2 protein chains.
Amino acid sequence: MRYTRLRSFHAVASAGGFNAAAAAFNISQPTLTAQVGALEDEYGVELFVRRGRRRELSDAGRHLLAITTRLFAEEDEALAFLEQSRELKTGRLSISAVGPFHVTEMLAAFNQAYPGIGLAVKLGNSTEVLDDLFDYKCDVAVLAYIDEDDRLLTIPYRRHPVAVFVRRDHRFATRDSIRLAELEGEPMIVRERGSTTRRAFEEALAVTGAKPRLMMEIGSREAIREAVIHGLGISYVSEAEFVPDQDLKLVRIEEAEVYTYAHVVVLKQRESSRIIKAFLDIVHRARNALDGRGGKP
Amino acid sequence: MRYTRLRSFHAVASAGGFNAAAAAFNISQPTLTAQVGALEDEYGVELFVRRGRRRELSDAGRHLLAITTRLFAEEDEALAFLEQSRELKTGRLSISAVGPFHVTEMLAAFNQAYPGIGLAVKLGNSTEVLDDLFDYKCDVAVLAYIDEDDRLLTIPYRRHPVAVFVRRDHRFATRDSIRLAELEGEPMIVRERGSTTRRAFEEALAVTGAKPRLMMEIGSREAIREAVIHGLGISYVSEAEFVPDQDLKLVRIEEAEVYTYAHVVVLKQRESSRIIKAFLDIVHRARNALDGRGGKP
DNA sequence: CCAATAGATAGTTTTTTTCTATGCGTTACA
DNA sequence: TGTAACGCATAGAAAAAAACTATCTATTGG
């Protein structure tokens with residue numbers, strides 16, 4: 001109401017007449033006459049002076065035009081911002097993940113598709129990651145295994161085989177792959193309890209029945225690498241996480257039954273969020289691109 | 001539409017919630033929900049993030065709020081300007097007048113009543129003044145005599161007696177007043193043809209039948225004063241225009257039939273203009289205040 | 001677990017906005 | 001000096017929008 005009147009005034013004032021404004025802004029001239037008239041009546045102010053058959057801006061009108069010019073510039077800015085938001089040219093997506101190795105690929109794909117979106121990644125264990133998700137501290141979580149929780153929407157993203165790695169001089173070092181059974185009695189350095197990789201590995205071992213000798217439990221991938229390099233034992237790692245080293249050799253597991261999984265998890269509630277939808281879309285596309293390369297669970 | 005949505009968004013964003021905004025801005029909560037929802041749908045942007053039972057500003061929402069804050073500040077400014085215009089606290093009034101002497105009084109009264117209104121005075125002869133009026137170059141004209149023109153609204157403002165003035169050593173200098181008949185053969189310096197004062201004076205002379213000796217015609221009041229001081233003759237002037245001098249003496253005319261008039265003239269078309277109405281009102285009041293003092297025609 | 005709270009949804013009514021058709025006064029031009 | 005074109009005003013009707021009430025759902029705090 002006030003707005004419409006101001007807008008009509010602005011149109012007439014900047015177009016230089018009622019008919020001109022009507023033509024320029026695709027509204028009828030009587031509408032403009034009515035709106036401007038209402039504005040003038042409401043405030044008892046002469047915005048236009050009748051001069052023959054035309055109406056020209058009065059001093060008050062000129063002053064008001066200066067204000068409305070700024071006003072509608074701000075409106076344009078608001079709409080421009082909304083437009084660019086529509087196209088996801090701005091915004092931020094925060095991700096909590098259990099490990100950096102699963103997410104970098106997704107981040108790269110997403111960033112390529114939406115270069116304007118800021119990305120924030122926070123790492124933590126699975127409990128922390130889930131808490132972030134439920135506390136709205138992140139938009140997307142990347143987890144290894146999933147709780148069945150109907151507040152969550154879970155998308156299996158990909159699986160990474162777990163492999164054994166040994167020092168160059170170990171008897172496995174010349175092998176391309178081994179069987180789990182061969183690990184019987186083998187001195188082994190393992191991850192902390194709760195590690196996704198350890199869990200997957202031990203489940204597979206339990207199936208096989210093989211029992212390595214647990215040398216030590218270390219809560220850091222890097223520290224385990226050092227321990228292996230120093231000959232304290234052999235260990236395992238998700239293939240994607242393995243950092244090559246001249247003293248180390250990665251040996252696959254023949255059965256290939258040991259995998260860590262990456263699931264993309266979001267709150268069902270937020271599934272319809274544009275930015276989250278965009279991310280999930282990228283994830284699906286990446287999964288499909290992986291098909292046939294055996295990356296899928 | 002866009003505006004209402006932005007306003008609803010702004011209300012919710014600045015009030016910190018839908019219900020809070022509904023209470024603060026006296027609109028119903030469903031209205032706000034609908035408007036904000038429409039804005040989000042239209043641009044596919046999440047302005048608020050659902051967090052439990054509340055909705056909190058998203059990054060995009062925060063950005064938009066910054067813009068809408070400026071937007072509505074401009075709107076407030078526009079409305080404030082219109083409000084103060086309603087009370088005639090701003091604006092400008094331009095006056096064209098045939099002489100400065102008639103208008104100063106009005107200007108003073110008007111300025112006292114509406115100190116915020118800028119005043120512009122332009123002087124000219126009666127033709128120029130009327131042209132300004134018809135060309136909308138001025139809002140109000142002050143003229144001596146009037147054409148009957150039904151495009152014009154004319155208000156008699158006041159009349160000023162015309163008096164004779166002479167040098168101290170003139171035989172009239174000891175008199176308080178003279179009769180027009182005494183001017184027979186008297187050397188006289190007169191204004192240019194077209195001068196209101198000359199016209200009034202000569203009309204009165206014609207009635208009387210007296211014939212002064214026209215010494216010279218000078219198109220400037222100041223130059224005439226100098227001429228009288230130098231003893232070239234006597235002259236006349238509207239009493240209101242007379243500037244006292246130790247060498248000059250003003251002598252009234254007994255019949256007091258010689259007057260110049262001041263009429264306030266506006267275009268009928270523009271009579272309803274607030275500022276013009278306000279000025280005419282001041283003029284009427286000043287006229288009434290003059291009643292009983294004999295200032296009226 | 002219940003009551004209170006924040007927000008969403010459905011359906012309706014009121015208000016606003018906008019249109020078409022037409023009238024009136026000005027201006028320009030033949 | 002008519003007369004056509006132009007610029008705006010007015011009337012009445014139609015369309016769109018904004019607003020409401022009532023009700024529902026989900027979350028949270030005691």
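This is a predicted model, so every value here is computed, not measured. All chains are named by letter (A, B, ...) in the order of the sequence lines, taking the proteins before the strands, and each is independently numbered beginning at 1.
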- Check: B:Ser58 side chain, B:Val49 main-chain N or O, donor-acceptor pair, under 3.5 Å: no
- Message: Please report the distance, rounded to the nearest Å, between CD in B:Glu56 and P in C:dT5.
- Response: 19 Å
- Message: Any salt bridge linking B:Glu56 with B:Arg50? Criterion: basic side-chain nitrogen under 4.0 Å from a carboxylate oxygen.
- Response: no
- Query: So does A:Arg53 reach the base of D:dC8 with its side chain, donor to acceptor, closer than 3.5 Å?
  - Reply: no
- Message: Whether the side chain of A:His10 engages the backbone of A:Leu6 through a donor-acceptor N/O pair (distance < 3.5 Å, no angle test) should be reported.
- Response: no
- Message: Tell me whether the rings of A:Phe81 and B:His63 are parallel (<30°), tilted (30 to 60°) or perpendicular (>60°).
- Response: tilted
- Could you give the CG-to-P distance, from A:Asn19 to C:dT26, as a whole number of Å? 17 Å
- Query: For the pair made of CD in A:Glu40 and C1' in D:dA9, what is the distance, rounded to whole Å?
  - Reply: 12 Å
- Query: Can a side chain N or O of A:Thr33 be found less than 4.0 Å away from OP1 or OP2 on D:dA9?
  - Reply: yes
- Message: Rounded to whole Å, how long is the line connecting atom CZ of B:Arg51 with atom C1' of C:dG7?
- Response: 17 Å
- Query: Between D:dA17 atom C1' and B:Glu42 atom CD, what is the distance in whole Å?
  - Reply: 13 Å
- B:Phe18 CZ - D:dA19 P separation (whole Å): 15 Å
- For atom CG of B:Leu39 and atom C1' of D:dA18, their distance in whole Å: 15 Å
- Message: With a 6.0 Å cut-off on the ring centroids, do B:Phe18 and B:Phe48 count as close?
- Response: yes
- Task: Could you run through nucleotides 15-21 of chain C and give me one letter per nucleotide, 5' to 3': B if any protein heavy atom sits under 4.0 Å from the base, S if only the sugar-phosphate is that close, - if neither?
- Result: -SSSBBB
- How many Å lie between CZ on B:Arg54 and C1' on D:dT25, as a whole number? 18 Å
- Do B:Arg7 side-chain atoms and B:Arg2 backbone N/O form a donor-acceptor pair below 3.5 Å? no
